[in-house]
Amino acid sequence: MKTATALKVEGVARRFGATRILNGVDLSVASGERHAVIGPNGAGKSTLFNVIGGALRPDAGKVWLEGADVTGRSAHRLARAGLGRSFQTTRVFSRLTVFENLRCAVWCGVAAARKGSRVLEPLSKCALWWRHSREVDERARRVLVDLDLEHAAFVLAGALEYGAQRRLDLGIALASGARTLLLDEPTAGMNRDEAARVLAWLRGASVGKTLLVIEHDMDAVFALADRVSVLVQGRVIATGTPAEIRADERVREAYLGVPLGKEAP
Ligand SMILES: Nc1ncnc2c1ncn2[C@@H]1O[C@H](COP(=O)(O)OP(=O)(O)OP(=O)(O)O)[C@@H](O)[C@H]1O
Ligand SMILES: [Mg+2]
């Protein structure tokens, strides 16, 4: 069922040992919205993504994806339901080439989008491959060009320099065709020019998709996001448009009086 809300998080709590990391997080992301999560180091942003993305079970609370309760579902079942993600630390198949990485991502999206893909018989897999292999190549090539990685198509992903690996990681998340994407600090470690270029690409490539993005660079947040949620000590203390968040006193306090736009990375 299609709903106006792509992703909803209600009362999500999670502790590690005796330490409470998430203390009842509420978050709602509309279909097609670009929503940023900001907050100080250690606030629980990546932990929240791990709960939403199926890597961690919450101790309490619910996660809804396109109207379905997906709390505690595994990452691969979530991928089949249309959720993709990229990580704070780059995860690519280092022994495959850049192009092979992207083809895998596109192919997984094609296979997952097909009804009954869960138990694809070898024969129907072959038929599917035959029918779609050109399209898969073409889509992978487009992402390659968009990411400015054409020259490195046949380089092993593990041999790429850091910024290029981050771009590839992001490309894999987008190439998979997921409708909702969790992106954990997509521009981490990039220089300003590179980050600006990648964000410009991301804006175009994500049209029609729902994005939940953790980002430390405030210029990037304000340029990319329709709405922003601020996570502090495992709780969302404010949600609003970038302008509303910029003007919010509680947010300024949470950043210890540092003016927004000047946070340490
Ligand atoms: N698997 C784990 N086991 C124990 N503690 C953990 C685990 N994962 C995260 N933590 C702790 O939970 C807290 C929140 O971590 P998290 O990575 O979610 O923060 P974050 O908001 O993403 O921070 P950053 O901005 O530095 O990426 C930290 O104190 C971290 O040490
Ligand atoms: Mg993090």
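Nothing here was measured: the structure is a model prediction, and the numbers come from that model.
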If you measure only the distance, is there a donor-acceptor pair under 3.5 Å linking the side chains of S46 and D184?
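Side-chain D/A pair, S46 to D184: present.
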Would you check if there is a donor-acceptor pair between the side chains of R15 and N23 at a distance under 3.5 Å?
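Result is no, nothing qualifies.
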For the residue pair [X] and [Y], what are the closest heavy atoms and their distance?
{"X": "A175", "Y": "R139", "result": "O-NH2, 4.1 Å"}
{"X": "A178", "Y": "K209", "result": "O-NZ, 3.0 Å"}
{"X": "R85", "Y": "A173", "result": "O-CB, 3.8 Å"}
{"X": "V92", "Y": "I172", "result": "CG1-CD1, 4.0 Å"}
{"X": "L144", "Y": "A153", "result": "CD2-CB, 3.6 Å"}
{"X": "H216", "Y": "G39", "result": "CE1-O, 3.6 Å"}

Would E66 and R179 count as a salt bridge (Lys or Arg N to Asp or Glu O under 4.0 Å) if you check the C-alpha gap in whole Å, the side-chain angles of each, and the deciding distance to 0.1 Å?
CA-CA 10 Å; E66 296 177 1; R179 294 181 294 281; 2.8 Å; yes
Could [X] and [Y] be called an ion pair, given the rule that one side-chain N must be under 4.0 Å from one carboxylate O?
{"X": "E253", "Y": "R250", "answer": "no"}
{"X": "K45", "Y": "E185", "answer": "no"}
{"X": "R91", "Y": "D169", "answer": "no"}
{"X": "K8", "Y": "D26", "answer": "no"}
{"X": "E244", "Y": "R227", "answer": "no"}

Atom CD of residue position E100 - does it have more than 12 heavy atoms of other residues, nucleotides or ligands inside 6.0 Å?
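Enclosed: over 12 neighbouring heavy atoms sit under 6.0 Å from CD of E100.
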Does a sphere of radius 6.0 Å around CZ in R203 hold more than 12 heavy atoms from other residues, nucleotides or ligands, not counting ones at 6.0 Å or beyond?
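Atom CZ in R203 is crowded, with more than 12 foreign heavy atoms closer than 6.0 Å.
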[X] versus [Y]: any side-chain heavy-atom pair under 4.5 Å?
{"X": "L183", "Y": "I214", "value": "no"}
{"X": "V63", "Y": "V12", "value": "yes"}
{"X": "V232", "Y": "P40", "value": "yes"}

Show your working on salt bridge (Lys or Arg N to Asp or Glu O under 4.0 Å) between R20 and D59 and close with a plain yes or no.
CA-CA 10 Å; R20 286 164 169 241; D59 299 325; over 6 Å; no
Checking salt bridge (Lys or Arg N to Asp or Glu O under 4.0 Å) for the pair R134/E138: CA distance, chi angles, key distance, verdict?
CA-CA 6 Å; R134 263 199 171 173; E138 191 40 47; over 6 Å; no
Same apolar cluster (I L V M F W Y, side chains within < 4.5 Å links), V29/F222:
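As far as the 4.5 Å side-chain criterion goes, F222 and V29 are not connected within one cluster.
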